[in-house]
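Notes follow once the structure below has been shown.
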Number of protein chains: 2
Amino acid sequence: MERGRGALGPALELVHTGRAPTRAVLTAELGVTRATAGAVAAELEALGLIEVDARPGAAAGSQGRPSHRLSLAPDGPVVLAAQIHADGFRAALVGLGGRMVATAPGCMTVPADPAHIIDAVVEAGAGLLRGTGRRCLGAGLAVPSAVAEPEGTALNPLHLSWPAGAPVRELFTEALAKADVPGPGGTPALGVTGNDVNLAALAEHRHGAGRGARHLLCVATGHRGVGGALVLDGRLHSGSSGLALEVGHLTVNPAGLPCHCGSRGCLDVEADPLAFLTAAGRDPGPEVSLLQQSRDLLRTEYADPAVRAAAELIVDRLGLGLAGLVNILNPDRIILGGLHRELLEADPERLRAVVADRSLWGRSGGVPILSCTLDHNSLIGAAEAAWQPVLDDPLAALG
Amino acid sequence: MERGRGALGPALELVHTGRAPTRAVLTAELGVTRATAGAVAAELEALGLIEVDARPGAAAGSQGRPSHRLSLAPDGPVVLAAQIHADGFRAALVGLGGRMVATAPGCMTVPADPAHIIDAVVEAGAGLLRGTGRRCLGAGLAVPSAVAEPEGTALNPLHLSWPAGAPVRELFTEALAKADVPGPGGTPALGVTGNDVNLAALAEHRHGAGRGARHLLCVATGHRGVGGALVLDGRLHSGSSGLALEVGHLTVNPAGLPCHCGSRGCLDVEADPLAFLTAAGRDPGPEVSLLQQSRDLLRTEYADPAVRAAAELIVDRLGLGLAGLVNILNPDRIILGGLHRELLEADPERLRAVVADRSLWGRSGGVPILSCTLDHNSLIGAAEAAWQPVLDDPLAALG
DNA sequence: CGTATTTTGTTCAGCGTCGGCACAAAGTCA
DNA sequence: TGACTTTGTGCCGACGCTGAACAAAATACG
């Protein structure tokens, strides 16, 4: 157990993201000798993070001795993941590999101020934790707002009717301490907190439709406004102060609606669920979320010419915004979430054509545009962010 | 000379960028022990890359034994740097630290096709190399066009009247082989080729106004159109296929001029030298470059209300574009080049105010906006790109 | 059906690289 | 002048990896 310490983190990440099913490919991916890869795998197994099953080989068909299978330990440690959204919150325990172990939803019955809601979601998570005997190595929280770095304050938590600048990271860390949730190294967990779309992008990159992408762009719309996120070479790019990828104020309709930013025709007001419902001539009701209303309309009444025209209008605007982003960021894959995902699936070719048409030289316009594939990807992303210290240095985190 | 091999590259980079004036700070920056830092410095000195002067201490005023001074070897190796622009070309030899050792300009007397011009600039560089007895470790070329990766073709060399898709990297490498220019490891140089604004950003980040910035955005306009570049954590971000930061097609004037991209009011046609001259009511003449005409007008006739109004108009449009980029990229510094630099210096407050006003929450709008400070920054940037293999692994490159 | 071949896992020796420590050197401060 | 502070260097040991030899487990082939 002295061998293979430096490569411990990269090795765990490879198994975590499913890129190292056997020791043989682990050897190749790490670029080390078989001896080292074997020692690393043994160490990770000793730490209780992975398992080595001698029985089932990789894939039949190749000759030579079959390689043993590496898998994540089914009873390994977990992290506490939490998400707050317009309609409520959700807590979960998530193991390595993005596996959701337990989850508990909650609605907004508690007072709506940040401290109470964060306390409630952490308490829900701590309850799950008490239910299982598994070790907890950290905690992450996803909020529907830009989160300023390094302060950890929520700058525009609009759907939550929270005050701008709410110190969400601080509140989360305090709630974790109150609930005795442990973090890496045995110390109390410090609450990793981030924007929900950013964290969703991270999750999709590791376990979803973004796997293998070098530069991944995610765009999504849930309730109001449009969010973006960018993963560069496997790491989230959130800018120098956490405010990158505020894509909602790209101009997509010069003669369009005024936006609170002072301009007109921003993506935020021209391509979100409200814009779709309005374009389709429907009055949004207060009973269910705007996303749900839009989704229902799109799925059940797409044959209606007015609905279809509204969808195409929003797709055209979204395509204009995506083309602008492609020209600036040149990603090699785009993933859409929320209503944008539904619109993509309703008419994949139209969106791709608009993006290709408005990107320079059409070349980078050929970028694949996909739907996100993970359920609760913001929640999984919050867990990913919480796992990061463990992936960076498993020994220190387990210590 | 057995110690300190892994830290060799990082150490050289620190001295190269002026961040390690003494062994003491080298120790701190590398995060190693004094013993290792000393061994690394000794190794770099043995390789002929740096010098250790025992005489002059760092800065007086602190107590304790004064640290020896680390400096770049004045007669160390060089790289061949080349730049092609609308009015001609320029070749140079550049040492570590961005020090121009020798330079030779050239004009467009040779036939204007890519192969001839690249042959001419390489031959000029090879001539400089024969003039000095210094070792050459690589070569870099800056062209005023997006360069597709990994092919190395120039996609829009508009000002050069070259065919789109000219294989500039291939031509450059062939010319280097023809002229017997050596590269890292003693093998023939493989010609590193990139967009001029991208390379200028790299140079400014290492030796100019961008030093110390984590996320650096550069925007510049020379002849026609507007170019952008982004340095993230010290590395150039050129996207998945080299086409990132094509910022010229951000909409800054919805009712503006039609652009060849199919839209209207793009930064490319609304904030370049031609747009400025036109706004000022001047007919651009064919004798000198548009940049030169704009610069002269701005410097000599800024008192003229029409000129001033034109400058403010362009500044407002540029500010709108920069604000859009700030919202997406959240850099911690912006550097302007070409006419944009002149406009910034004519009225710094106006541009900063527009950017702050149109960025979200004003917060990230407070990003510092500076002029570039290096002469020939694209040329120095081409050299930086050529130095990269040496900085990554000095031993292999010197081999 | 047995042997050759291929690929994988493990053990062990060796060594390069770095940290830690002790000591020397070269200044400042009182 | 002497105490203190900071820097440079030599030496030893430990850690982490490579490389080679050997063993194991499958397929391919006669």
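Note that the coordinates shown come from a computational prediction; the quantities given were computed from them, not determined experimentally. A, B, ... follow the sequence lines: proteins, then strands. Residue 1 opens every chain. The figures that follow rest on heavy atoms only: side chains count, while hydrogens, waters and symmetry mates do not.
- Map A/Gly64 and A/Gly38 each onto its nearest nucleotide of DNA chain C; the residue landing nearer the 5' end is A/Gly64.
- Considering only side-chain N and O atoms, B/Ser67 lies under 4.0 angstrom from the phosphate OP1 or OP2 of D/dG8.
- In this structure, B/Leu30 places its CG atom 14 Å from C1' of C/dT17, rounding to the nearest Å.
- Nucleotide C/dA24 holds its C1' atom 12 Å from the NE2 atom of B/His68, rounded to whole Å.
- Side-chain proximity of B/Ala24 to the nucleotides C/dT17, D/dG8, D/dA21 is greatest for D/dG8.
- At whole-Å resolution of the value, CZ in A/Arg5 and P in C/dG19 are 15 Å apart.
- The existence of a salt bridge linking B/Glu149 and B/Arg169 is confirmed by a sub-4.0 Å separation between a basic side-chain nitrogen and an acidic carboxylate oxygen.
- Summarising the geometry, the separation between CD on B/Gln63 and P on D/dG2 is reported as 19 Å, rounded to the nearest angstrom.
- For A/Asp53 and D/dA25, the CG to P distance is 16 Å, given to the nearest whole Å.
- Rounded to an integer number of Å, the gap from B/Leu26 CG to D/dT9 P is 12 Å.
- OP1 or OP2 of D/dT18 has at least one side-chain nitrogen or oxygen of A/Thr36 nearer than 4.0 Å.
- One can find a donor-acceptor pair under 3.5 Å joining the base of C/dT8 and the side-chain atoms of A/Arg65.
- Set against D/dG10, D/dT18, C/dT6, the side chain of B/Ala35 has D/dG10 as its closest nucleotide.
- Ranked by how close their nearest DNA chain D nucleotide is to the 5' end, A/Val32 and B/Thr27 are led by B/Thr27.
- Using a 4.5 Å heavy-atom threshold, the side chains of A/Leu12 and A/Leu96 count as touching.
- Between the CZ atom of B/Arg69 and the P atom of D/dG8 there is a distance of 12 Å, rounded to whole Å.
- The closest donor-acceptor contact from the side chain of A/Arg135 to the backbone of A/Val79 lies at 3.5 Å or more, if one exists at all.
- A/Glu384 and A/His16 form a side-chain donor-acceptor contact under 3.5 Å, judged by distance and modelled atom types alone.
- Ring centroids of B/His215 and A/His237 are separated by less than 6.0 Å, placing the two rings close together.
- Applying the 3.5 Å distance criterion, the base of C/dG9 shares a donor-acceptor pair with the side chain of A/Arg34.
- Residue A/Arg23 places at least one side-chain N or O under 4.0 Å from the OP1 or OP2 atom of C/dG9.
- Side-chain proximity of B/Pro66 to D/dG8, D/dG19, C/dA26: nearest is C/dA26.
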